[in-house]
Amino acid sequence: MVVEQIEFFCEQGDEFLEDGDLDQAAAAYQKAIDADPKCYRAWVSRGLVHARNEDFLSAVRCCSKAIEIDGTSGMAFYNRGVYYEALGSTEAALRDYEVACRRDPDVGSSWINRGRILDDAGRHEEALKCYEAAALVLPEDAVLWSNRGNSLHALERCEEAIESYDRAISLDRNMGAAHMGKGNVLASLGRMEEAVRSFERAELEFADLFNLWSMKGNCLAGLGRLDEAHTCLERAVTLAPDNSYNWSNLAEIQFMRKKYTEALRGFDKALGIDAKCVNALFGKGRTLANMGREPEAEGVARRLKAVAGPEDAGKVASLEMLLSLPPEQPGAPAAARSEEEDAEVEEFTQALGTLLDLHAQGDAYYEEGEFEKALRCYKQAYEANSDFHVLLVNQAACLNSLGRHEEALGLLEQAVARDAGLGEAWYTRSRSLDLLGRGFEAQVSFAKALGCYERDLAEEPGDARIWQYKGDCLLKLGHSWRAKYAYLKAWWHGE
């Protein structure tokens, strides 16, 4: 009879809970507990009522009591994990989800929640295993596949991540998280048009999420659609006005539009929020340099160097290189030449013809993959005139292709020592360092090359080749959307 009473009270409580009558539900479950203080079901359900009232601490206590009564079932561990999460105790939640997975491995939600916490902790391989286990019992759960996409993206398994997001979208076509995640992956791959479309679909659910507008704006900028990018980033700033990243991104767009005063204002706004914002310091330094305010730019460069971490070495080196190159000096009027000088000019002209012939022959061999023959031509050309430091770079490129990377690096060290403004030398040096496994030094060298190319483009903005090299450097330094813009400029000027 008592058992039947307890069952009645619990079922009554379930009905009240489903109808949203929390007080009546609490009373019914309490009657069951009064009739049998060791009723597992009543304690678990009483915890649900506390959780609905957002009294998560009391909910935790109810689940703990249920676990004392029966520690073999996973339900109380799972529920308590949810309540611990609501209280911000993620470590305790993770422990409970782990137990829930062991007790009831066929309950997919335990695996999904455990995976999500592991992802947040940067333990992506473990998270992925959780999602694989959940997929065995919940193969049609869109959240599972979207979360799995997040793990794969964090592990840089981008194509698999896209497939996982697509699976989530096939199960729930309006799932904003999956569209957003897919957009992030596509943006990291430089597939900006597709990324923009994904972000547009995510807007249905996440129209008030500043990250969405920030990422969409960056992609549009990478496509050269600067006015649209500006609109998106203004929206991001409106939604999160205290976020320095948003202001820095908006200022970057103004920089690309050559609206330097507005760009400077945006970078200053970012620095007012976070005085150590590396992106804003880097942007402000470049803007001041482009405005001809070199002393101020040098001061910003010193501030950047003081706050930058190892991962920011590329930005530091790029700004220092940009500022270290001397400004173009106005040419002095040519003086009349003597007969001796005329003879020297004639001799130089003949030597130059020989040098150019050898250079052209070397280029032809290089294009055909005949790297040894190309190397000999470049060496002979350099012996004819050692003032042409680009010939050292050409020799180094041949040596890299022949697998002789240390020799190549030696020549490139000579080249940059003789002409620190030679972007091709810094770029090829970066490739040698990369091939030698010296990745950090390669990043610094790419940044120095970028500084050279930016200065070159200030003088020759229509040179497609330099835009191409600039794009390559930006891509190596992780600025995929800026790289896309540079490649578009290269294509435009190359038409």
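All values derive from a computational prediction rather than experimental measurement.
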Is a side-chain N or O of [X] found less than 3.5 angstrom from the main chain of [Y], in a donor-acceptor match?
X      : Y      : value
Tyr40  : Ala76  : yes
Arg103 : Gly71  : yes
Tyr97  : Ser109 : no
Asp104 : Asp106 : no
Ser214 : Phe210 : no
Trp213 : Glu234 : no
Arg191 : Val185 : no
Asn290 : Arg286 : yes
Trp145 : Asp166 : no
Asn53  : Asp55  : no

In Å, rounded to the nearest 0.5 Å, how long is the span from [atom1] of [X] to [atom2] of [Y]?
X      : Y      : atom1 : atom2 : answer
Arg116 : Leu94  : CZ    : CG    : 10.5 Å
Asn246 : Asn211 : CG    : CG    : 7.5 Å
Leu171 : Ser146 : CG    : OG    : 11.0 Å
Arg157 : Leu152 : CZ    : CG    : 5.0 Å
Ser198 : Ile169 : OG    : CD1   : 6.0 Å
Ile69  : Ser64  : CD1   : OG    : 11.0 Å

Taking the side chain as C-beta and beyond, is there a heavy-atom pair between [X] and [Y] under 4.5 Å?
X      : Y      : value
Lys258 : Tyr260 : yes
Val237 : Lys269 : no
Asp227 : Arg257 : yes
Leu189 : Ile162 : yes
Asn113 : Tyr78  : yes
Glu85  : Ile117 : yes
Val307 : Leu281 : yes
Glu11  : Glu7   : yes

Determine whether Leu212 and Arg235 satisfy the following criterion, side chain to side chain contact (heavy atoms under 4.5 Å, CB included), listing intermediate values before the conclusion. CA-CA 10 Å; Leu212 169 67; Arg235 179 75 178 271; over 6 Å; no
Show, in sequence, the C-alpha distance, side-chain angles and deciding distance for Leu304 and Val278, and conclude whether the side chain to side chain contact (heavy atoms under 4.5 Å, CB included) test is met. CA-CA 6 Å; Leu304 173 62; Val278 169; 3.7 Å; yes
Salt bridge [X]-[Y], side-chain N to carboxylate O under 4.0 Å:
X      : Y      : value
Glu193 : Arg225 : yes
Glu126 : Arg123 : yes
Glu194 : Lys182 : no
Glu140 : Arg167 : yes

Lys38 and Asp70: CA distance, side-chain angles, deciding distance, salt bridge (charged side-chain N to carboxylate O under 4.0 Å, His left out) verdict: CA-CA 9 Å; Lys38 292 188 177 181; Asp70 181 5; over 6 Å; no
For a side chain to side chain contact (heavy atoms under 4.5 Å, CB included) check, start with the C-alpha distance between Arg431 and Asp472, then their side-chain angles and the critical distance, and finish with the verdict. CA-CA 11 Å; Arg431 297 196 61 193; Asp472 293 344; over 6 Å; no
What are the two closest heavy atoms between [X] and [Y], and how far apart are they?
X      : Y      : value
Gly423 : Cys452 : CA-CB, 3.6 Å
Gly108 : Leu138 : CA-CD1, 3.5 Å
Gly74  : Ala100 : O-CB, 3.7 Å
His179 : Asn174 : CD2-C, 4.4 Å
Val49  : Ala26  : CG1-CB, 3.9 Å
Leu412 : Ala396 : CG-CB, 3.5 Å

Please collect all side chain to side chain donor-acceptor pair (under 3.5 Å) contacts where either partner lies in residues 16-29, sequence neighbours excluded, each pair once. Asp14-Tyr29
Does Met175 have more than 12 heavy atoms from other residues, nucleotides or ligands lying within 6.0 Å of its CE? yes
So does Glu132 have more than 12 non-hydrogen atoms from other groups sitting under 6.0 Å from CD? yes
[Y] versus [X], side-chain donor and acceptor atoms under 3.5 Å:
X      : Y      : answer
Gln254 : His230 : yes
Tyr131 : Ser151 : no
Gln468 : Arg465 : no

Let's go through Asn243 and Ile273 carefully: what are the C-alpha distance in whole Å and the side-chain angles of both, what is the deciding distance for side chain to side chain contact (heavy atoms under 4.5 Å, CB included) to 0.1 Å, and is it a yes or a no? CA-CA 7 Å; Asn243 186 290; Ile273 297 166; over 6 Å; no
So, Tyr427 versus Phe446, ring centres under 6.0 angstrom or not? yes
So, using side-chain hydrogen bond (donor to acceptor under 3.5 Å, both in side chains) as the criterion, who are the partners of Thr231 when residues are at least two apart? none
Check whether Tyr84 forms a cation-pi arrangement with Arg80 (NZ or CZ under 6.0 Å from the six-membered ring centre, at most 45° off the ring normal). no
Going through the distances and angles, do Lys216 and Glu203 end up as a salt bridge (charged side-chain N to carboxylate O under 4.0 Å, His left out)? CA-CA 10 Å; Lys216 183 181 175 183; Glu203 287 174 28; 2.7 Å; yes
